[in-house]
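Reviewing the structure listed below.
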Protein chains: 2
Amino acid sequence: MSKNHKRSCPVGRWQRRKEARPGEIIDAALELFCEKGFAGTRMDDVARHAGVTKGTVYLYFENKEALFYALVNEMVVPQVERAENMIANYTGSAASLIEILIKQWHENIIKTKLSGIPKLIISESGNFPELAKFYIDNVIQRGRRMMARVIEKGIERGEFIKCDPDYVSRVILSSMVFTAVWERSLASLDDETYDVEKFFDTQFEIMLSGLKKTK
Amino acid sequence: MSKNHKRSCPVGRWQRRKEARPGEIIDAALELFCEKGFAGTRMDDVARHAGVTKGTVYLYFENKEALFYALVNEMVVPQVERAENMIANYTGSAASLIEILIKQWHENIIKTKLSGIPKLIISESGNFPELAKFYIDNVIQRGRRMMARVIEKGIERGEFIKCDPDYVSRVILSSMVFTAVWERSLASLDDETYDVEKFFDTQFEIMLSGLKKTK
DNA sequence: AATAACTAACTATCTAGTCAGTTATTTATT
DNA sequence: AATAAATAACTGACTAGATAGTTAGTTATT
């Protein structure tokens, strides 16, 4: 049985795409939640952005909160694991490892829509403390430990001066995370533009110069 | 138009305090907006926190947005001016001036409820771009210029190595602002506690060591 | 013909903003 | 000094509008 009659695609036609829908809905939610906040985003808008209607969204996610949880879980965890594997297999100097970590943060987070998540978590931490807690335990703390271990290694190797790896780690990470938050919130409104790569280079250069034993 | 009013509670005593109300309402709004976000905060709650009813809030502020604007304007501008005056009258070294600026940031912003404002602006930048723009132009950029001028002075004096003052300024400020955001969002949920003062000391020490000509 | 992905219209609820009425306080009068 | 009238700060019940979540029905696909 053949379909001979033409099927131009008039508005109102849709396809059944069970596999693709959840990902598309999560993408739409990420974009809108980051832009408008959780409470400020309408489920109707999420649906329209994903090319479906609201009913479909509720077909795949129990409610608005479940969608929020799903997007954080889905988007973040793989990134952390990737970074941890990178570090485990690295054999070069601590300084060059820090440089690589910053570069990767730039490439894989700042330049992608993933940079929206820190802002989202921070914004909604008051309304979703358990989610924020999950994020802290599974992302922030792991990131902190990663960076601290690298610095510790640098000290052990005689590469860096004696310092508290935990606090130095926090200092480095704070401006990395802040850059993500900034890029997804105020950067586009600021007429004093800047080059993110040069920002990271500047940070790396000064911090490392302050950390290294021989200048 | 209206039906018969119920007899209001005869025991609920209140006072007329025209002068104090706006400030109290703004304080309540700052606390709740920071905790719940703008959209997530009910005007009824703001009123109750301020010890009045919703009607009173609308007596002093035209609407929810006006209240938001008022609190940002009221709370922030005096701080910026204070810092600018401080810098203008300072005669010591650039390094010690940076140290003082960081200490003052800690005392006057981080330790007070003012630290909630950066988080608030960042969270609501998507919904209130004009307000965010106002904040960028009147707070962020002025802060950036302040810090850049100090660094520039340090270079001119032969105190610091040659570097781009604008970018170094951004690096220093980014972790200062981030600390405010962090303290008002995720810090209380993080079981790995830390000492903010030691954080700033660590940052100051490493950055300055990287900036100074003689180590 | 059967299945299930998807739609669209519905409802239940929540809240920003309003306003008629209440009460603390001030001012005028005795 | 006591009392009444006037004023305006404040209340709380109300309305209008918005949106999270539901579901009966429609349509693509097998």
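Values below: all heavy atoms of this structure, side chains included; hydrogens, waters and symmetry mates excluded. No experiment lies behind these values; they were computed from the predicted model shown. Labels below follow one simple rule: chain letters A, B, ... track the order of the sequence lines, proteins then strands, and each chain is numbered from 1.
Residues passing the side-chain hydrogen bond (donor to acceptor under 3.5 Å, both in side chains) test with B:E130, sequence neighbours excluded: B:Y69. Residues passing the salt bridge (Lys or Arg N to Asp or Glu O under 4.0 Å) test with B:E24 are B:R17, B:R21, sequence neighbours excluded.
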Acceptor/donor pairs from residues 110-119 of chain B side chains to any protein atom, 3.5 angstrom cut, sequence neighbours excluded:
| unit_1 | atom_1 | unit_2 | atom_2 | d |
| --- | --- | --- | --- | --- |
| B:K111 | NZ | B:E107 | OE2 | 3.1 |
| B:T112 | OG1 | B:N108 | O | 2.9 |
| B:T112 | OG1 | B:I109 | O | 3.1 |
| B:T112 | OG1 | B:L114 | N | 3.2 |
| B:S115 | OG | B:T112 | O | 3.0 |
| B:S115 | OG | B:R184 | NE | 2.8 |
| B:K119 | NZ | B:C34 | O | 2.3 |

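Residues from residues 18-53 of chain A lying near DNA chain D, meaning a heavy-atom separation below 4.0 Å, are A:T41, A:R42, A:M43 in numerical order. Taken residue by residue, residues 63-74 of chain A places heavy atoms nearer than 4.0 Å to DNA chain D at A:N63, A:K64.
With respect to B:R145 and B:E152, no salt bridge is recorded, no charged nitrogen being found less than 4.0 Å from a carboxylate O. Taking the charged nitrogens against the carboxylate oxygens, A:K198 and A:D195 have no contact shorter than 4.0 Å, which rules out a salt bridge. Contact check on B:D201 versus B:K103 returns a salt bridge, with a Lys/Arg side-chain nitrogen under 4.0 Å from an Asp/Glu carboxylate oxygen. Between B:K133 and B:D137 there is a salt bridge, since a side-chain N of the basic residue sits under 4.0 Å from a carboxylate O of the acidic one. A salt bridge is defined here as a Lys NZ or Arg NE, NH1 or NH2 lying under 4.0 Å from an Asp or Glu carboxylate O, and B:R170 with B:D164 fails to meet this definition.
Atom CG of A:L59 and atom C1' of D:dA24 are 14 Å apart (whole Å). The CZ-P distance, from B:R16 to C:dA24, rounds to 10 Å in whole Å. Between the CH2 atom of A:W14 and the C1' atom of D:dA28 there is a distance of 5 Å, rounded to whole Å. Separating the CD atom of B:Q15 from the C1' atom of C:dT25 is a distance of 11 Å, rounded to the nearest angstrom.
Residue contacts shown for A:F61 are absent, as no nucleic acid heavy atom lies under 4.0 Å away.
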Take B:D166 and B:R149 through the test salt bridge (Lys or Arg N to Asp or Glu O under 4.0 Å) and record every step on the way to the result. CA-CA 9 Å; B:D166 205 57; B:R149 218 175 302 135; over 6 Å; no

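For CD of B:Q104, the number of neighbouring non-hydrogen atoms (other residues, nucleotides, ligands) closer than 6.0 Å is greater than 12.
A donor-acceptor contact under 3.5 Å is formed by the side chain of A:K54 with the base of D:dA20.
Of the side-chain N and O atoms in A:Y60, one or more sit less than 4.0 angstrom from OP1 or OP2 of C:dC6. Within the structure, every side-chain polar atom (N or O) of A:R17 is placed at least 4.0 Å from both OP1 and OP2 of C:dA5.
In DNA chain D, consecutive stretches of 3 or more Watson-Crick or G-U wobble pairs with both distances under 3.5 Å are given as paired ranges: C:1-30 with D:1-30.
The nucleotide whose nearest atom lies closest to any side-chain atom of B:Y58 is, among C:dT18, D:dA9, D:dA28, C:dT18.
Judged purely by atom type and a 3.5 angstrom limit, B:K64 uses its side chain to pair as donor or acceptor with the backbone of B:T41.
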